[in-house]
K.L.:
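First the structure, which I've put down as structure tokens, then a few questions once you've had a look.
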Number of protein chains: 2
Amino acid sequence: MPQIDTGSGSPAPRKRADARRNEQNLLDAAAAAFVAAGVDVPVRDIAARAGVGVGTIYRHFPTRADLIVAVYRHQVEACAEAGPALLAAVGSPHTALARWLDQFVDFLVTKHGLAEALRSDDPAFEALHGYFVDRLVPVCAGLLDAAVAAGEIRADTDAYQLLRGVGNLCIGARDDARYDPRRLVQLLVAGLRRRRDEPATR
Amino acid sequence: MPQIDTGSGSPAPRKRADARRNEQNLLDAAAAAFVAAGVDVPVRDIAARAGVGVGTIYRHFPTRADLIVAVYRHQVEACAEAGPALLAAVGSPHTALARWLDQFVDFLVTKHGLAEALRSDDPAFEALHGYFVDRLVPVCAGLLDAAVAAGEIRADTDAYQLLRGVGNLCIGARDDARYDPRRLVQLLVAGLRRRRDEPATR
DNA sequence: CAACATACGGAACATTGTTCCGCTTGCCAA
DNA sequence: TTGGCAAGCGGAACAATGTTCCGTATGTTG
């Protein structure tokens, strides 16, 4: 890639105007398509909505994960920032953890197919998984650590596993009225609690 | 579902010998293919293994679910029968439930892609979901009821939801060394426990 | 052994992801 | 303003896979 340096250390090779316009159109079209048909919506459909050819999608977003990350980045960031905020606002770290996970569940179940994609073994989704893990596992770990420090939960639970588990519980929640992931996540969080006479760690 | 006729009205026109042979070959081939490449293995691969054309597969097993159910029927039955057996053999129903779910998890994680298929919204898997629900939810409900009756857990948990949750937790377990669904199922089961000063029902 | 219904094989079609290349167009310099 | 060129575009083409359909082969029966 040619770098046009404009003074200080600004590695911003300005893209062509039509390219920038198309990228924005694609983001909007993808967001709409995701809502209408889930994150598995055919590439052709997104291209049609954006009024571009499929080649243009692949040029801007080489994998589907890139597109999904771009569409949901803001919301993931918001979720990540809510962790420390809750910890500060709520007295009990265990309660803060429960609330944060609730928020995470809300996010996942409202994004048709996102929880499934997070778990897919399709290499096209690897980057998606990676992004979520990088951004959210540390936040979850912070909440867990605080709860352990407060003596509310046992110290033997891994943030990655917990988050994966919660993500998994959200799969298919939209299509099944009899199934409520929030309830199960509550149970899971309840299961973390230190039993009354247990030592804090083991 | 095959009809077993026992005497009266006989709607059982015996199938041709080659048809019966092919059906068995297909079951064997499918079982091998599932182990080698997961339950999502391409239809053509199964056909090639069995030495038949793809048309023959669709004739005997119209949907993939039919084939999967046929291959795993024995093991699902065994799992279903283990429920009452554990209840009888183990003193605490809550412990029996935990053991039974452990067994269920073992079954799911060793069948590449089965947990995913159970949760898929692909209509081809609807019958699979239905079979598992019909066969295992009552067993799970029996264990839950016994645990409630013994005062070990709260009475507000639905067998279907619990089983769906456990199934979900098993998704992708094979491909991720950092993830252990057994651990999370344990937490979930621990979360069911009645808190010490809580009423038995609410 | 003849006739017929059953069952088979695999070509053909549909859907979707992905690549590739000839053409168009924004951008910059002259 | 205009000429030239690299960036960017569109969509045809290819690949993988599920599913259908029909001409053909074969087991079964009288």
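Quick caveat, the model's predicted, so the values are computed rather than measured.
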K.L.:
Parallel, tilted or perpendicular for Phe132(B) and Phe107(B), by the 30°/60° rule?
P.N.:
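Phe132(B) and Phe107(B): parallel rings.
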K.L.:
Please round to the nearest 0.5 Å and tell me the distance separating atom CG of Asp102(B) and atom CG of Leu97(B).
P.N.:
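Nearest 0.5 Å value for the CG-CG distance: 10.5 Å.
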K.L.:
How many Å lie between CG on Asp122(A) and P on dT16(C), as a whole number?
P.N.:
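After rounding, the reported distance stands at 15 Å.
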K.L.:
Do Arg164(A) and Asp176(B) sit within salt-bridge range, that is, some charged N less than 4.0 Å from a carboxylate O?
P.N.:
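The answer is yes: the pair qualifies as a salt bridge.
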K.L.:
The test is salt bridge (charged side-chain N to carboxylate O under 4.0 Å, His left out); show your working for Arg174(B) and Asp121(A) and say whether it passes.
P.N.:
CA-CA 10 Å; Arg174(B) 251 175 84 102; Asp121(A) 53 353; over 6 Å; no
K.L.:
For DNA chain D, whose closest nucleotide is more 5', that of Val41(B) or that of Ala17(B)?
P.N.:
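Of the two residues, Val41(B) wins.
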K.L.:
Which residues in residues 57-65 of chain A have at least one heavy atom lying under 4.0 Å from any atom of DNA chain C?
P.N.:
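Per residue number, the list reads Tyr58(A), Arg64(A).
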K.L.:
Between Arg182(B) and Asp106(B), is the closest basic N to carboxylate O distance under 4.0 Å?
P.N.:
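Yes, charged N to carboxylate O under 4.0 Å.
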K.L.:
Among dG17(C), dA7(D), dG18(D), which is the nearest nucleotide to the side chain of Arg16(A)?
P.N.:
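The listed nucleotide nearest to Arg16(A)'s side chain is dA7(D).
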K.L.:
List the steps and the verdict of side chain to side chain contact (heavy atoms under 4.5 Å, CB included) for Arg119(B) and Asp175(A).
P.N.:
CA-CA 10 Å; Arg119(B) 254 325 316 146; Asp175(A) 325 305; 4.2 Å; yes
K.L.:
Please step through salt bridge (charged side-chain N to carboxylate O under 4.0 Å, His left out) for the pair Lys15(B) and Glu23(B), ending with a clear verdict.
P.N.:
CA-CA 11 Å; Lys15(B) 277 197 275 197; Glu23(B) 185 161 332; 2.7 Å; yes
K.L.:
What residues in residues 46-56 of chain A put a non-hydrogen atom under 4.0 Å from any atom of DNA chain D?
P.N.:
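Those residues are Gly51(A), Val52(A), Gly53(A), Val54(A), Gly55(A), Thr56(A).
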K.L.:
Report yes if some heavy atom in the side chain of Arg59(A) is under 4.5 Å from a heavy atom in the side chain of Val54(A); otherwise report no.
P.N.:
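No - every pair of side-chain heavy atoms lies 4.5 Å or more apart.
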K.L.:
Roughly, in whole Å, what's the span from CG in Leu67(A) to C1' in dT18(C)?
P.N.:
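It works out to 15 Å between those atoms.
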K.L.:
Which whole-number value in Å describes the distance from Asp45(B) CG to dT19(D) P?
P.N.:
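So the CG-P distance, Asp45(B) to dT19(D), works out to 15 Å.
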K.L.:
Rounded to the nearest 0.5 Å, how far apart are CG of Leu163(B) and CG of Leu143(B)?
P.N.:
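Interatomic distance, Leu163(B) CG to Leu143(B) CG, rounded to 0.5 Å: 10.0 Å.
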K.L.:
For a quick test of reading the model, state the closest non-hydrogen atom pair linking Ile171(B) to Tyr179(B) and the distance between them.
P.N.:
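Minimum heavy-atom contact is O-CE2, 4.1 Å.
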K.L.:
Less than 4.0 angstrom from a charged side-chain N to a carboxylate O is my criterion; do Asp40(A) and Arg64(A) meet it?
P.N.:
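A salt bridge is absent here (no side-chain N lies under 4.0 Å from a carboxylate O).
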K.L.:
To the nearest Å, how far apart are Arg14(B) CZ and dA5(C) C1'?
P.N.:
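About 15 Å, once rounded to whole Å.
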K.L.:
Could you list by number each residue of residues 18-28 of chain B showing a heavy-atom separation from DNA chain C of less than 4.0 Å, or answer none if no residue does?
P.N.:
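Within residues 18-28 of chain B, the residues near DNA chain C are Asp18(B), Ala19(B), Asn22(B).
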K.L.:
Who passes side-chain hydrogen bond (donor to acceptor under 3.5 Å, both in side chains) against Glu77(B), sequence neighbours left out?
P.N.:
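In terms of side-chain hydrogen bond (donor to acceptor under 3.5 Å, both in side chains), with neighbours along the sequence ignored, Glu77(B) is linked to Tyr131(B), Arg135(B).
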K.L.:
Would you please name every residue forming a side-chain contact (heavy atoms from CB on, under 4.5 Å) with Asp18(B), sequence neighbours left out?
P.N.:
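Counting only residues at least two positions away or on another chain, Asp18(B) forms a side-chain contact (heavy atoms from CB on, under 4.5 Å) with Arg16(B), Arg21(B).
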K.L.:
Taking only heavy atoms on the protein side, list every residue of residues 123-131 of chain A lying under 4.0 Å from any atom of DNA chain D, sorted numerically.
P.N.:
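Nucleic-acid contacts, sorted: none.
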